[in-house]
Amino acid sequence: NTPISSHESLHASLGVLRVIGVDLCVHATCFITCSCLTPPSLSYGAASANRKAFSSQQAISCNLQLPGECSITRRSVLLGPAAATAAAAAAAAAAALFTTSRPAVAAAANTIPLWTLDSGVEMPTLALNTAGLSVEDTERAVRLSLASGITHVDFHPGIERDGVARVIRSTGRSGLFLTTKIRKAAPGTAPAAAADEARAQIEEDLRALGVESVDMLMLRDSPDCNVMQAQWAVLEQARKAGKTRAVGVVNFCETALRCLLATATTPPALNYIMLHAGMGPDAHGLRSFAAERGVRTMAYGALGEPGPSAELLSNPLLQRIARSHARSPEEVALRWALQSGVALSVRPSVEFGPAGSVCSEGARCAGGLQMRAESFAWTLADGEMRALDALTSPDASPTPFASAGCPTSL
């Protein structure tokens with residue numbers, strides 16, 4: 001209970017120790033790996049030098065992987081031998097540009113705000129985005145998310161859905177907020193046939209998941225307005241039948257929203273679009289256009305798409321703000337999106353790109369999800385938000401995966 005340093009913050013919850021601004025990096029008797037915001041060369045041998053000087057401007061995070069009987073005391077932290085290997089330290093330092101380990105907090109402590117949608121459905125505003133994960137990695141990511149307090153799972157039909165189904169089979173449906181999407185109809189598909197496809201997919205997904213309903217069902221756009229209207233009618237019917245609790249849309253530009261709302265009896269609860277710093281908080285006017293029509297914004301791509309944006313995460317403003325909060329640029333980018341007022345779907349870590357996404361065994365995916373779960377535990381100052389709002393690069397379309405007919409679609 002005696003402080004080691006007046007600048008120290010010691011946290012040992014769920015097996016994680018965090019030391020901030022201390023001029024001594026020490027290790028307990030358990031296996032530890034270290035990574036730093038300003039990565040010096042970290043290399044600790046078995047009983048060799050177990051201390052290294054750091055400036056007060058640096059943030060050191062030490063992740064402890066605890067054996068079953070391992071416990072942490074002030075004495076063990078001060079006197080225990082170093083056990084982190086040079087290989088683990090080098091890997092952590094190499095990843096430090098994009099991510100820094102954060103202290104683990106019990107899931108109950110991660111309070112994620114809820115939105116009450118027009119239908120009365122309460123939706124957690126932070127979701128796990130499983131895009132591009134394998135069945136095994138989806139299952140692992142969902143379990144790690146639940147352990148960190150993230151209960152909203154945003155997945156695609158097929159492989160990702162099957163990973164979610166594994167978790168449901170072993171732990172049950174209760175407590176999960178399930179969001180999935182209707183596949184795009186192939187170009188040239190007639191509206192009636194597209195409606196039949198949507199209807200069949202809903203039944204297929206519920207059967208594969210082993211549930212009676214999902215919480216949010218989203219429609220992808222189409223270059224054919226009649227197809228969007230026909231498929232939306234199917235989603236409205238599914239909601240009335242209790243097969244989904246809410247309905248939304250994905251990558252709908254203004255033209256697509258106008259088309260859908262012309263015949264909809266239930267407007268979309270959400271428009272799921274891309275948003276990151278550099279695009280402006282209004283996503284080129286799409287957020288306000290939707291809000292005027294009663295449609296909220298849920299965002300993906302806060303770190304860039306289809307992979308992490310090096311330009312964004314190396315931006316001097318993000319890095320300066322990150323240092324002032326003892327955070328990483330990754331955390332600043334995520335916090336900016338959330339503080340801008342959107343719900344946010346997040347990849348498990350920065351290990352994603354055009355070829356897919358990864359949630360492998362080990363500390364990176366688990367640490368990434370834990371850090372994301374803690375995004376509401378701190379805030380950016382008003383001046384910091386204004387500065388980030390004013391960024392104009394890297395810019396992007398909020399609907400990069402929209403159909404032809406939407407501006408700057410792929």
Side-chain angles (χ1 to χ4, degrees), residues 20 36-38 57-59 61 95-102 110-113 115 125-127 129 150 251 270-291 296-350 352 368-400 407-408:
I20 293 294
C36 302
L37 278 177
T38 308
Q57 298 301 312
Q58 293 171 322
S61 298
L97 172 63
F98 294 122
T99 184
T100 298
S101 301
R102 305 301 302 172
N110 293 327
T111 303
I112 295 173
W115 276 356
T125 54
L126 184 66
N129 185 343
I150 300 174
N251 288 315
L270 304 171
N271 187 16
Y272 186 37
I273 62 173
M274 184 165 79
L275 181 68
H276 59 67
M279 295 173 58
D282 196 23
H284 298 286
L286 185 54
R287 283 185 65 190
S288 55
F289 178 87
R296 299 196 195 197
T297 296
M298 181 171 173
Y300 62 89
L303 304 180
E305 285 289 344
S309 169
E311 180 184 353
L312 174 64
L313 296 177
S314 63
N315 180 279
L317 175 62
L318 262 74
Q319 293 192 333
R320 185 166 65 252
I321 293 173
R323 287 193 297 270
S324 71
H325 289 274
R327 302 275 169 177
S328 68
E330 178 185 355
E331 290 174 279
V332 174
L334 294 171
R335 181 62 208 169
W336 174 83
L338 287 167
Q339 206 164 318
S340 297
V342 299
L344 189 63
S345 185
V346 293
R347 305 273 197 154
S349 72
V350 293
F352 68 95
L369 285 165
Q370 183 62 53
M371 177 266 284
R372 284 151 175 72
E374 295 169 19
S375 294
F376 294 98
W378 67 288
T379 58
L380 293 164
D382 290 345
E384 293 169 334
M385 284 296 295
R386 287 193 295 271
L388 291 167
D389 289 350
L391 286 178
T392 57
S393 180
D395 197 3
S397 165
T399 57
T408 62

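- Leu334 has its side chain within reach of Val346: a pair of non-hydrogen atoms, C-beta onward, lies under 4.5 Å apart.
- Between the CD1 atom of Ile321 and the CG atom of Leu388 there is a distance of 4.0 Å, given to the nearest 0.5 Å.
- Looking at heavy atoms from C-beta onward, His284 lies in side-chain contact with Asp395 at the 4.5 angstrom threshold.
- Atom CG of Leu312 is separated from atom CG of Leu391 by 8.0 Å, given to the nearest 0.5 angstrom.
- Residues Leu318 and Trp336 form no side-chain contact, since every pair of their non-hydrogen atoms from C-beta on lies 4.5 Å or further apart.
- Here the side chains of Arg335 and Met385 are not in contact, with every heavy-atom distance at 4.5 Å or above.
- Here the side chain of Glu331 pairs a donor or acceptor atom with the backbone of Ser328 at under 3.5 angstrom.
- The two residues Met274 and Ala396 make their nearest non-hydrogen contact at CE-CB, 3.4 Å.
- A pairwise comparison of heavy atoms in Val342 and Ala337 identifies CG2-O, 3.2 Å as the closest pair.
- Among pairs with a residue in residues 298-310, those fulfilling salt bridge (charged side-chain N to carboxylate O under 4.0 Å, His left out) read Glu305-Arg347, at least two apart in sequence or across chains.
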Report task. Please lay out, stage by stage, how Glu374 and Met371 fare under the test side-chain contact (heavy atoms from CB on, under 4.5 Å). Result -> CA-CA 5 Å; Glu374 295 169 19; Met371 177 266 284; 5.7 Å; no
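- To the nearest 0.5 Å, the span separating CZ on Phe376 from CG on Leu344 amounts to 8.0 Å.
- Contact check for His276 versus Pro394: side-chain heavy atoms found under the 4.5 Å cut-off.
- Between Thr379 and Gln339, the side chains place no donor N or O within less than 3.5 Å of an acceptor N or O (distance only, hydrogens not considered).
- The two residues Phe352 and Pro308 have their closest heavy-atom pair at O-CD, 3.2 Å.
- Looking at Thr125 and Ile112, their side chains come closer than 4.5 Å, going by heavy atoms from C-beta outward.
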Report task. Show your reasoning for whether side-chain contact (heavy atoms from CB on, under 4.5 Å) applies to His325 and Glu384. Result -> CA-CA 11 Å; His325 289 274; Glu384 293 169 334; 2.9 Å; yes
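- No side-chain heavy atom of Ser397 sits less than 4.5 Å from a side-chain heavy atom of Ile273.
- Between Tyr300 and Pro400 the shortest heavy-atom distance is OH-CD, 3.4 Å.
- A pairwise comparison of heavy atoms in Gln319 and Pro329 identifies CG-CG, 3.9 Å as the closest pair.
- Looking at every heavy atom in both residues, Gly285 comes nearest to Ser288 through O-OG, 3.1 Å.
- Interatomic distance, CG of Leu275 versus CG of Leu338, reported as 10.0 Å (0.5 Å rounding).
- Looking at Arg296, its side chain never comes within 3.5 Å of a backbone N or O of Leu270 through a donor-acceptor pair.
- Not one N or O on the side chain of Asp389 forms a donor-acceptor pair closer than 3.5 Å with the backbone of Pro281.
- Atom CG in Asn129 sits 11.0 Å away from atom CD1 in Ile150 (nearest 0.5 Å).
- Side chain of Ser349 to main chain of Gly368: no donor-acceptor pair is present (N/O by atom type, distance under 3.5 Å, no hydrogens or angles).
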